[in-house]
Colleague: 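Before I ask anything, let me first share the structure, which is written out below as structure tokens.
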Amino acid sequence: MQYFEDIAVGDKASFGAYRVDRDEVIAFAQKYDPQPFHLSDEAAAATHFGRLSASGWHTCAMMMAMLVENLKAHAQAGLGSPGMDELRWLRPVYPGDTLRVETEVLDTRVSASRPEMGIFKSRVTVFNQNDVAVMTMISNGLVATRPRG
């Protein structure tokens, strides 16, 4: 099990390979972000996207799926997140792209009010298959401290 004490500033990880599926892009947009350029090739062609593109929120969801798989693989004692900072969508994500994630731990501290948990801040970058960054954010994670005794 990976606890707070096992996380250090400067730790880096690279993981994931999420293939962006056209039907999934449209289904996500229909339910959560029904803007025309996420739903229709014709509408998207008339915009700066040039073709059907995934919602930025869908990009977040795909990143989260890869992040959780990575956390499960490392058996982290995760306790959720109080939020994120500085979310940026840098480039469009298109059906057919394959996304991956890189993280770097920026800060760690034990919670002042809940000493059984630590807080770590990470820079998260999502890249496409051409190693072009398509999204960045600062993630704030909560993780259990190592049990005493």
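Since the structure is predicted, the reported quantities are computational estimates derived from the model, not experimental observations.
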Colleague: So how far is it from Thr47 OG1 to Glu42 CD, rounded to the nearest 0.5 Å?
Modeller: 12.0 Å
Colleague: Roughly how far, to the nearest 0.5 Å, is the OG atom of Ser81 from the CE atom of Met64?
Modeller: 7.5 Å
Colleague: Between Val25 and Val20, is there a side-chain heavy-atom distance shorter than 4.5 Å?
Modeller: yes
Colleague: Quick one: are Phe37 and Phe49 in side-chain contact, heavy atoms under 4.5 Å?
Modeller: yes
Colleague: Distance check, rounded to the nearest 0.5 Å: Thr103 atom OG1 versus Phe120 atom CZ?
Modeller: 8.5 Å
Colleague: Which heavy atom in Val105 sits nearest to a heavy atom in Ala8, and how many Å separate them?
Modeller: CB-O, 3.4 Å
Colleague: Could you go through the side-chain contact (heavy atoms from CB on, under 4.5 Å) check for Arg123 and Glu102 one step at a time?
Modeller: CA-CA 8 Å; Arg123 176 181 299 108; Glu102 289 185 6; over 6 Å; no
Colleague: Name the one of Asp107, Thr108, Asp85 that satisfies side-chain hydrogen bond (donor to acceptor under 3.5 Å, both in side chains) with Lys121?
Modeller: Asp85
Colleague: What pair of heavy atoms forms the shortest contact from Ala133 to Phe127, and how long is it?
Modeller: N-CD2, 3.6 Å
Colleague: Grouping I, L, V, M, F, W and Y whenever their side-chain heavy atoms are under 4.5 Å apart, do Tyr32 and Leu99 come out in a common cluster?
Modeller: yes
Colleague: Does Ile119 belong to the same Ile/Leu/Val/Met/Phe/Trp/Tyr cluster as Ile7, with side-chain heavy atoms less than 4.5 Å apart forming each link?
Modeller: no
Colleague: So Val124 and Leu67, side-chain contact (heavy atoms from CB on, under 4.5 Å) or not? Walk me through it.
Modeller: CA-CA 10 Å; Val124 178; Leu67 186 66; 5.6 Å; no
Colleague: Report yes or no: is the cationic atom of Arg146 (NZ for Lys, CZ for Arg) under 6.0 Å from the centre of the six-membered ring of Tyr3, at an angle within 45° of the ring normal?
Modeller: no
Colleague: Between Asn140 and Gly83 (side chain of the first, backbone of the second, donor and acceptor by atom type, cut-off under 3.5 Å), is there such a pair?
Modeller: yes
Colleague: Test Phe4 against Val110 for side-chain contact (heavy atoms from CB on, under 4.5 Å), laying out the working first.
Modeller: CA-CA 8 Å; Phe4 172 74; Val110 174; 3.5 Å; yes
Colleague: Do His58 and Asp33 touch side chain to side chain, with heavy atoms closer than 4.5 Å?
Modeller: no
Colleague: Establish whether Val93 and Leu87 are linked, either directly or via other cluster members, by ILVMFWY side-chain heavy-atom contacts under 4.5 Å.
Modeller: yes
Colleague: Leu39 versus Pro34: any side-chain heavy-atom pair under 4.5 Å?
Modeller: yes
Colleague: Are Val143 and Val9 connected, step by step, through hydrophobic side chains (Ile, Leu, Val, Met, Phe, Trp, Tyr) whose heavy atoms are closer than 4.5 Å?
Modeller: no
Colleague: Heavy atoms, side chains only, cut-off 4.5 Å: are Pro95 and Leu52 in contact?
Modeller: yes
Colleague: Within the distance-only criterion (no hydrogens, no angle test), does the side chain of Gln76 pair as donor or acceptor with the backbone N or O of Leu71 below 3.5 angstrom?
Modeller: no
Colleague: Minimum heavy-atom separation for Ala77 and Met1, please, with both atom names.
Modeller: N-SD, 3.6 Å
Colleague: Do we get Arg100 above Phe15's six-membered ring, with its NZ or CZ under 6.0 Å from the centre and within 45° of the axis?
Modeller: no
Colleague: If we only count heavy atoms from C-beta on, is the Ser139 to Met137 side-chain gap below 4.5 Å?
Modeller: yes
Colleague: Grouping I, L, V, M, F, W and Y whenever their side-chain heavy atoms are under 4.5 Å apart, do Ile138 and Val126 come out in a common cluster?
Modeller: no
Colleague: Report yes if the side chains of Met135 and Met63 come closer than 4.5 Å at any heavy-atom pair, otherwise no.
Modeller: yes
Colleague: Under a plain distance cut-off of 3.5 Å, with no hydrogens placed, do Tyr18 and Glu69 share a side-chain donor-acceptor pair?
Modeller: no
Colleague: Apply side-chain contact (heavy atoms from CB on, under 4.5 Å) to residues Leu90 and Thr136 and explain how you reach the verdict.
Modeller: CA-CA 8 Å; Leu90 306 172; Thr136 60; 3.7 Å; yes
Colleague: Okay, side chain of Arg19, backbone of Asp97: is any donor-acceptor separation there less than 3.5 Å?
Modeller: no
Colleague: Short question: side chain of Asn128, backbone of Asn130 - any donor-acceptor pair under 3.5 Å?
Modeller: yes
Colleague: Within the distance-only criterion (no hydrogens, no angle test), does the side chain of His38 pair as donor or acceptor with the backbone N or O of Ala29 below 3.5 angstrom?
Modeller: no
Colleague: In the structure I gave you, are the side-chain heavy atoms of His74 and Asn70 within less than 4.5 Å of one another anywhere?
Modeller: yes
Colleague: Hey, what do you get for CE (Met62) to CG (Asp21), rounding to the nearest 0.5 Å?
Modeller: 10.0 Å
Colleague: Surrounding CH2 of Trp89 (heavy atoms of other residues, nucleotides or ligands, distance under 6.0 Å), is the total greater than 12?
Modeller: yes
